[in-house]
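All figures in this text were calculated on a predicted structure; none of them were measured in a lab.
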Amino acid sequence: MSIFVDENTKVVYQGLTGSQGRFYGLRNRDYGTNVVAGTNPKKAGEDVDGIPIFANVGEAAAATGANAACIFIPAPGVKDAIMDAAIGGVEFIVCITEGVPAQDEAWFYNELKRNFPNVRLLGPNCPGIISPGKCNIGITAGEIAKPGGPVGIVSRSGTLTYQALYELKLQDIGVTTCVGIGGDPVPGTSFIDCLEAFEADPDTKAVMMIGEIGGSAEEEAAEFIKNKMTKPVVSYVAGVTAPPGKKMGHAGAIVSGGKGTAAAKMEALEAAGVRVGKNPTEAGELMVEVVREHGWA
Amino acid sequence: MDLLEYQGKQFFATFGIPVSDGRPVTTVEDAVAAANAVGYPVVVKAQVHAGGRGKAGGVKLATNEEELREHAGNILGLDIKGHITRILWIENASDIAEEYYASFTLDRSAKKHLGMLSAEGGVEIEQVAVDNPDAIAKIWIDPVDGLTADVCREWVRAAKLNPDVTEDAVELLCKLYTAYVEGDADLAEINPLIVKTNGRVHALDAKVTLDNNAEYRHEWSEYEATQVRDAREEAAHAKGLQYVGLDGTVGVIANGAGLAMSTLDVVNQAGGKPANFLDIGGGANAEVMAGALQVINDDPNVKSIFINIFGGITRGEEVAKGIIGALEMVDISAPIVIRLDGTNAEEGRALLAPHLSDKLVSKPTMLEAAAAAVALAEKN
């Protein structure tokens with residue numbers, strides 16, 4: 001099993017006709033993802049390497065049965081693209097685009113919650129989601145992940161996620177699903193959403209959670225793990241040494257007013273029974289230990 | 001992007017929020033002309049990106065030209081928490097009857113806008129939050145609904161502002177919310193929000209942080225012009241690199257923000273101090289790598305360089321070619337330690353092998369590479 005996506009997920013790529021959209025859309029198709037359509041209001045009726053282009057997500061979904069959308073539209077068009085996907089009827093929207101204004105994010109997060117409660121948004125500013133061997137939506141290199149289980153991964157950072165996938169693969173440990181929730185201040189899908197889904201997924205036996213400085217998402221996740229999770233969680237939080245008041249690459253990665261430090265997050269996670277590595281390598285080793293202890297791989 | 005007070009006031013004024021008449025100046029003579037234009041008494045205020053200006057002597061009242069010359073002369077060049085004062089704001093002094101506090105910001109946890117309003121203004125709001133949390137009235141605003149006048153009126157009542165100014169306060173706060181949302185601010189704060197002796201509500205200070213992601217839909221070049229960046233950050237910014245200057249000796253280059261942050265962590269764990277945060281993004285082509293190396297090389301504090309690349313879609317060979325190409329473009333003085341891992345890492349390392357020397361070291365893991373980079377920094 002996997003969470004949010006599987007071999008039945010059919011994806012429409014908004015921005016498939018652009019250079020990024022085309023590159024990753026075709027890569028995702030090569031991986032085995034059902035890439036069924038693209039959208040571009042000015043190029044409806046054309047195709048990208050055999051993938052039909054529609055004017056909007058609604059038309060694409062009606063013609064192809066698409067049930068997910070992946071957005072490679074530049075930041076100024078993201079708000080409209082997300083609403084186009086929601087109105088078009090897909091249930092899962094992955095937004096890769098970075099640099100989306102926070103006011104737009106706050107608005108569409110709440111608009112979706114209220115008027116499209118069945119729609120899940122992942123991102124913006126995220127690497128996407130991969131259920132190895134089944135479906136890869138976004139920019140993750142599929143070959144660095146081993147299919148199967150028993151580990152589920154959720155992360156705010158792209159490259160650290162790839163590293164986690166890769167280290168587990170080297171140890172011959174598989175992954176059910178790897179979700180990159182992204183580094184922005186208002187992520188559509190939170191750590192808790194993913195932890196809840198992993199807890200319910202029978203094939204996921206343990207979860208690796210990669211956090212970073214800024215906000216309080218890790219602390220909230222710790223509270224959830226303490227009260228609601230039976231499966232072991234291993235974690236790493238990047239940015240222990242980040243100076244306050246400086247955005248470390250991601251819009252959401254900032255320690256402000258003494259809040260959002262890595263130390264506080266690690267402390268909260270440890271208090272919730274999470275094994276916390278002090279660097280990505282150590283977290284990877286802890287995950288391997290957990291899997292071996294239980295004989296899961 | 002943090003605005004200076006006077007820019008924040010100009011920003012507020014474009015949304016119809018009442019602010020004092022004033023002029024930004026950079027010389028004593030211009031200060032005199034500004035004071036004549038707005039009328040005495042005036043307040044001379046240092047414009048720096050730092051709090052605590054009053055305590056540092058950066059805010060003074062002048063009732064005549066003689067006082068003005070004295071204060072303006074003293075404050076220009078004044079060092080406030082490491083920020084040298086280059087710009088003064090000369091504004092008409094206000095007769096203050098009451099001082100309040102008002103702000104809007106995003107509550108990341110609630111994923112709603114948070115408005116805070118207090119009748120105890122003019123002091124640090126963090127202190128009020130500790131000493132007397134009940135004195136701060138909070139509202140959470142769903143961005144889809146926005147802030148209506150009725151909701152705002154309830155909020156003003158809850159904050160126990162002077163009932164006589166309720167309608168004036170509601171009008172100003174609704175405008176402040178509009179400025180915060182339509183102006184794409186991460187923070188819009190007025191402290192103090194004053195009631196003047198004539199009974200009108202007025203923004204006496206302005207603290208505004210704008211969301212750089214929204215710059216494409218605004219005209220912010222004037223605000224950009226006064227941003228104080230460290231020279232290294234300026235150079236990196238011009239090359240489109242994500243760079244944050246730090247004060248250590250190990251220069252850091254990594255692909256991806258998370259990995260870059262993590263690289264700082266392992267450098268520290270290995271006993272060293274990073275000189276910077278630098279994310280070159282997902283790929284690692286020669287041009288981007290050369291630009292990054294140039295920025296690091298220009299930092300005189302750098303004693304060693306740690307390049308930490310994890311190949312995903314960009315394969316190891318391409319990363320290695322990028323590094324080799326970059327080294328041909330830039331003459332680097334400090335020794336470099338490379339950790340290359342991920343997709344086709346072995347092929348990449350094989351390409352690097354003939355180029356390795358005392359000045360270019362390859363290590364298979366992040367921790368070993370960090371230890372090597374720290375050792376080299378200490379040796380130099």
Flag, side chain of Asn268(B) to backbone of Thr241(A), donor-acceptor distance under 3.5 Å:
no
Check: Asn255(B)/Tyr162(A) side-chain N/O donor and acceptor closer than 3.5 Å
no
So, taking the atom named CD in Glu182(B) and the one named CD in Gln103(A), what distance separates them when rounded to the nearest 0.5 Å?
9.5 Å
Do Asp142(B) and Arg114(A) touch side chain to side chain, with heavy atoms closer than 4.5 Å?
yes
What's the separation between atom CG in Asp265(B) and atom NZ in Lys278(A), rounded to the nearest 0.5 Å?
11.0 Å
Have a look at Thr159(A) and tell me which of Ile309(B), Leu259(B), Asn308(B) forms a side-chain contact (heavy atoms from CB on, under 4.5 Å) with it.
Leu259(B)
Is it the side chain or the backbone of Glu212(A) that comes within 4.5 Å of chain B heavy atoms, both, or neither?
side chain
Shortest non-hydrogen contact between Asp184(B) and Pro101(A), atoms and distance:
OD1-CB, 4.0 Å
Top contributor to chain A contacts, counting heavy-atom pairs under 4.5 Å, from Leu278(B), Asp145(B), Asp186(B), Asp2(B)
Asp145(B)
Residue pair Gln269(B) / Asn279(A), side-chain donor-acceptor N/O under 3.5 Å
yes
Whatever's closer than 4.5 Å to a heavy atom in chain B on Lys247(A) counts as both
Any donor-acceptor N/O pair, Asn110(A) side chain to Val144(B) backbone, under 3.5 Å
no
Between Gly258(B), Ala254(B), Pro274(B), which has the largest tally of heavy atom pairs under 4.5 Å with chain A?
Gly258(B)
For each of Leu106(B), Leu264(B), Val266(B), Leu367(B), tally heavy-atom pairs with chain A at distances under 4.5 Å, and name the one with the top tally.
Leu367(B)
In terms of heavy-atom pairs under 4.5 Å with chain A, which of Met261(B), Arg217(B), Lys112(B) leads?
Met261(B)
Give the minimum heavy-atom separation between Tyr216(B) and Asp104(A), together with the two atoms involved.
OH-OD2, 4.2 Å
Just wondering, do Met248(A) and Val244(B) contact through their side chains at under 4.5 Å, heavy atoms?
yes
Which bit of Tyr243(B) comes within less than 4.5 Å of chain A, counting heavy atoms only: side chain, backbone, both or neither?
neither
Are any non-hydrogen side-chain atoms of Thr365(B) and Thr281(A) less than 4.5 angstrom apart?
no
On a heavy-atom basis, the closest approach of Ala102(A) and Asp211(B) is N-OD2, 2.7 Å
Heavy-atom pairs under 4.5 Å with chain A: which of Met366(B), Lys111(B), Glu215(B) has the most?
Lys111(B)
Under 4.5 Å to a heavy atom of chain B? For Phe108(A) that would be neither
What I'd like to find out is whether the side chain of Ser216(A) reaches to under 4.5 Å of the side chain of Arg108(B), using heavy atoms alone.
no
Cut-off 4.5 Å, heavy atoms of chain B, and the answer for Lys113(A) is neither
Toward chain B, the part of Glu143(A) with a non-hydrogen atom under 4.5 Å:
side chain
Within the structure provided, determine whether Pro143(B) and Tyr109(A) are in side-chain contact (heavy-atom separation under 4.5 Å).
no
Comparing Ala257(B), Gly311(B), Gly342(B), Ala214(B) against chain A, the one with the most heavy-atom pairs below 4.5 Å turns out to be Gly342(B)
Under 4.5 Å heavy-atom distance to chain B, tell me which part of Val100(A) shows up: side chain, backbone, both or neither.
backbone
Is the backbone of Ser109(B) close enough, under 3.5 Å, to the side chain of Glu220(A) for a donor and an acceptor to pair up by distance?
no
